[in-house]
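Handing you a structure now.
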Amino acid sequence: MPTVPVRLGPRSYQILISSGLLDDLGPQARRRLGERARRAVVVSNTTVESSLGDRPYESLTRAHFKVDRFLIGDGERFKTLRTAESLIGFLIERRIERPDVIVALGGGVVGDLAGFVAATYLRGIRLIQVPTTLLAQIDSSVGGKTAVNHPLGKNLIGAFHQPSLVVIDPDVLRTLPSRQIRAGLYEAIKYGVIRDRRLFIRVAGSIDELKKLDPGELEHVIARCCAIKARIVQSDEREDGLRRILNFGHTVGHALETVTHYRRFLHGEAVGYGMRAASRIAERMGLLASPDRKQIDAAISSVGSLPRANTLASDDIISAMHRDKKVEAGRASFVLPVEIGKVVIESDVPPQVVRAALKDALE
Ligand SMILES: NC(=O)c1ccc[n+]([C@@H]2O[C@H](COP(=O)([O-])OP(=O)(O)OC[C@H]3O[C@@H](n4cnc5c(N)ncnc54)[C@H](O)[C@@H]3O)[C@@H](O)[C@H]2O)c1
Ligand SMILES: [Zn+2]
């Protein structure tokens, strides 16, 4: 089975990737956690639960876990301290102890919230991530960032807490709406541009197979994306430096999400526009050759059409960029490709370059 190790000393873990793996969740969890773990609290939502049925619960029970379920509402608006608090109340009532485990079964919303609770309940208990969206399988379940939202901003409350195991079953994506699949594919393109030209070419050349969820292709791409993320996290676990390259496309992407109040774009779609903008900035600054910029554009277009963005005011987007939590000393920084597979971080982009690139990118 494709396995990606994440080497972080005592916090090391493995990412297991294989079709049908969901039925093996219990034994895999048992192998990793040992006999001391008696109870497993599965955090999920009703959408995921009705798609996947009882398989994960049955598998955990067969491996002698006493299983409880905690379902949260479906949507970003439930990723809050209030939901976290009610989950913590549930854990206290069920007398969940340090050797026990929280299993996050869902997309990034479930993963971030369950991860945040695992990081804070009893100052930290073990966590297994079972991501069920493409975005969660290639991005949010790996690397240990957890968070909940505050009314004044997204992901402002959080902690680093690495999972003990990540169990990825690409088969579970069969019930995921196709728009969510496409949104995940933009992040796969991102990994290619920042770190791996071969992956970029492979993803760009197999978008149709990936959209159809071809098992072999999907497994390969998920494993490669996870391996890239693992390598980056290994060298910069807490985002002091290199890890920031994962934000390619995200400076503008986050701003687009903010100005549309998270309603118009899925995150990956906003990143699609963000990558268009960043590669245009790079091209205008003479860092990226035109053919490369066009190749990046072509890959993004081949995923499908993005929701319209040319009705949005550049001024609003630019001011949202400057309010982002990643801004330091009032400067928005950009991850800019210098070739496909290599990026630099630049916090000195002339405002007129940003403006022109943005206008062109949002057409
Ligand atoms: N921690 C990190 O490093 C990190 C990285 C990127 C994003 N995130 C976070 O991830 C979140 C977005 O995650 P997401 O895109 O997975 O969204 P999501 O969790 O909201 O899932 C998208 C939708 O798909 C549904 N769904 C999930 N699995 C399904 C399945 N197998 N079949 C049918 N429906 C299914 C969900 O119920 C939801 O309606 C954001 O909150 C973002 O901040 C975190
Ligand atoms: Zn992202």
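Here the structure is a predicted model, which is why all the values come from computation and not from measurement. FYI, side chains are in, hydrogens and waters are out, and symmetry mates aren't considered; it's all heavy atoms of this structure. Both counts, for ligands and for their atoms, begin at 1 and track the order of listing.
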Practice task
Check whether any heavy atom of Arg179 sits under 4.0 Å from an atom of ligand 1.
Solution key: no
Exercise for the section: Report yes if Gly108 has an N/O atom closer than 3.5 Å to an N/O atom of ligand 1; otherwise report no. Expected result: yes
Exercise for the section: Report yes if Ala136 has an N/O atom closer than 3.5 Å to an N/O atom of ligand 1; otherwise report no. Expected result: no
Practice task
Would you mind checking if Lys212 and Asp208 are paired as a salt bridge, meaning a charged N to carboxylate O distance below 4.0 Å?
Solution key: no
Exercise for the section: Tell me, please, if Glu187 has any N/O/S atom, main chain or side chain, under 2.8 Å from the Zn ion (ligand 2)? Expected result: yes
Handout entry: Whether His267 lies under 4.0 Å from ligand 1, heavy atom
Key = no
Practice task
Answer side chain, backbone, both or neither: which part of Ser140 comes under 4.0 Å from ligand 1, heavy atoms only.
Solution key: both
Handout entry: Best match, Leu173, Asn155, Asp74: closest heavy atom to atom 36 (C) of ligand 1
Key = Asp74
Completion exercise
Any heavy atom of Leu176 under 4.0 Å from ligand 1? The part involved is both
Problem - Any Phe116 side-chain heavy atom under 4.5 Å of Lys79 side chain - result: no
Problem - Basic-acidic side-chain contact under 4.0 Å: Glu85, Arg82 - result: no
Fill in the blank from the handout: Note: heavy atom closest to atom 44 (C) of ligand 1, options Val110, Asp169, Asp112, belongs to Asp112
Exercise for the section: Provide the atom name of the closest N, O or S atom of His250 relative to the Zn ion (ligand 2). Expected result: NE2
Completion exercise
Which of Arg94, Arg38, Arg95 passes salt bridge (Lys or Arg N to Asp or Glu O under 4.0 Å) with Asp68? Answer is Arg94
Practice task
Can you figure out which of Thr47, Thr146, Thr133, Asp139 has its heavy atom closest to atom 21 (O) of ligand 1?
Solution key: Thr133
Exercise for the section: Could you tell me whether ligand 1 has any atom less than 4.0 Å away from a heavy atom of Lys154? Expected result: yes
